[in-house]
Amino acid sequence: QVQLVESGGGLVQAGGSLRLSCAASGRTFSRYAVGWFRQAPGKDREFVAAISWSGGRTYYADAVKGRFTGSRDNAKNTVYLQMNSLKPEDTAVYYCAAALPPLDYLAKGEYNYWGQGTQVIVSS
């Protein structure tokens with residue numbers, strides 16, 4: 001069993017940065033791949049980024065490639081999403097999710113555990 005808690009969201013001006021954290025419980029968290037997804041009002045939850053259990057592989061949606069960076073510190077049971085050059089269209093609730101590999105990192109249905117989400121608002 002894995003429990004996930006996101007933090008780090010907030011209100012930021014366009015062009016600014018935020019770093020989201022996803023803190024996990026469970027001694028086996030280092031075995032889990034972690035994905036980041038977001039959901040804007042009236043839209044489906046969409047893939048943003050993912051990182052393999054070791055941190056050696058990362059995946060990004062085209063909309064955030066070059067601006068967002070995923071990382072993890074397994075000693076701290078925490079995964080991060082550094083978001084730079086934020087745009088108003090990045091406004092959404094951001095969720096982290098975990099799953100044991102192998103998996104399709106981009107598919108939200110592959111993830112078994114989800115956090116409660118953290119709100120990101122980017123003002124123009």
Side-chain angles (χ1 to χ4, degrees):
Q1 191 80 0
V2 174
Q3 292 184 319
L4 305 172
V5 179
E6 302 96 334
S7 62
L11 173 64
V12 64
Q13 288 189 331
S17 298
L18 286 173
R19 187 177 79 158
L20 305 184
S21 298
C22 174
S25 64
R27 287 176 289 181
T28 61
F29 179 67
S30 60
R31 298 167 51 194
Y32 284 76
V34 173
W36 288 95
F37 294 80
R38 67 186 181 188
Q39 188 166 18
K43 295 189 177 181
D44 289 338
R45 192 169 299 188
E46 65 177 3
F47 170 78
V48 175
I51 188 166
S52 64
W53 66 270
S54 67
R57 285 175 290 165
T58 52
Y59 307 86
Y60 300 99
D62 287 344
V64 308
K65 205 169 290 184
R67 300 188 297 122
F68 291 11
T69 303
S71 63
R72 66 189 297 162
D73 184 341
N74 284 338
K76 295 182 178 180
N77 272 11
T78 303
V79 174
Y80 304 98
L81 184 67
Q82 178 67 43
M83 306 188 298
N84 298 329
S85 302
L86 283 161
K87 305 175 181 180
E89 51 263 44
D90 294 318
T91 294
V93 177
Y94 283 71
Y95 300 88
C96 64
L100 287 171
L103 76 159
D104 178 352
Y105 285 85
L106 277 63
K108 56 182 180 288
E110 296 276 301
Y111 292 86
N112 310 104
Y113 303 102
W114 290 82
Q116 83 290 346
T118 185
Q119 177 75 59
V120 171
I121 300 174
V122 184
S123 63
S124 57

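Under the salt bridge (charged side-chain N to carboxylate O under 4.0 Å, His left out) criterion, R67 pairs with D90, not counting sequence neighbours. Here D44 pairs with nothing under the salt bridge (charged side-chain N to carboxylate O under 4.0 Å, His left out) rule; sequence neighbours left out. Under the rule for a side-chain contact (heavy atoms from CB on, under 4.5 Å), the partners of D73 that lie at least two apart in sequence or sit in another chain are A75, K76, Y80. Take K43 and apply the side-chain contact (heavy atoms from CB on, under 4.5 Å) test, not counting sequence neighbours, and it matches A40. Judged as a ring pair (Phe, Tyr, Trp, His ring centres under 6.0 Å), and not counting sequence neighbours, W53 has no contacts. For E46, the side chain to side chain donor-acceptor pair (under 3.5 Å) partners are R38, not counting sequence neighbours.
Atom OG of S30 is separated from atom CG of N77 by 7.0 Å, given to the nearest 0.5 angstrom. Rounding to the nearest 0.5 Å places OH of Y32 at 4.5 Å from OH of Y113. The line from CG of L11 to CD of Q119 is 9.5 Å long, rounded to the nearest 0.5 Å. Expressed to the nearest 0.5 Å, how far NZ of K87 lies from OG of S124 amounts to 14.0 Å. Atoms OG1 and NZ, on T58 and K65 in that order, are 9.5 Å from each other to the nearest 0.5 Å. Between N74 atom CG and R31 atom CZ the span is 12.0 Å, to the nearest 0.5 Å.
The minimum heavy-atom distance linking T91 with V122 is given by the pair OG1-N, 2.9 Å. The shortest heavy-atom contact between T69 and Y60 is CA-OH, 3.4 Å. When every heavy atom of L4 is checked against every heavy atom of A98, the shortest pair comes out as CD1-N, 3.8 Å. Considering every non-hydrogen atom in both C96 and V34, the closest pair reads CB-CG1, 4.3 Å. In terms of heavy-atom proximity, S54 sits nearest to R72 at C-CD, 4.3 Å.
At distances below 3.5 Å, not a single donor-acceptor pair connects side-chain atoms of Q116 with backbone N or O atoms of V5.
Through chains of ILVMFWY side-chain contacts below 4.5 Å, Y105 is grouped with F37, F47, Y59, V93, Y95, L103, L106, Y111, W114.
A continuous path of hydrophobic side-chain contacts links V48 to V12 [ILVMFWY only; heavy atoms under 4.5 Å].
Sorted pairs that involve residues 103-115 and meet salt bridge (Lys or Arg N to Asp or Glu O under 4.0 Å), not counting sequence neighbours, are lacking altogether.
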Validation: residues 17-26 side-chain donor-acceptor distances under 3.5 Å, sequence neighbours left out:
residue : atom : partner : partner atom : Å
S17     : OG   : N84     : OD1          : 2.9
S25     : OG   : Q3      : N            : 3.2

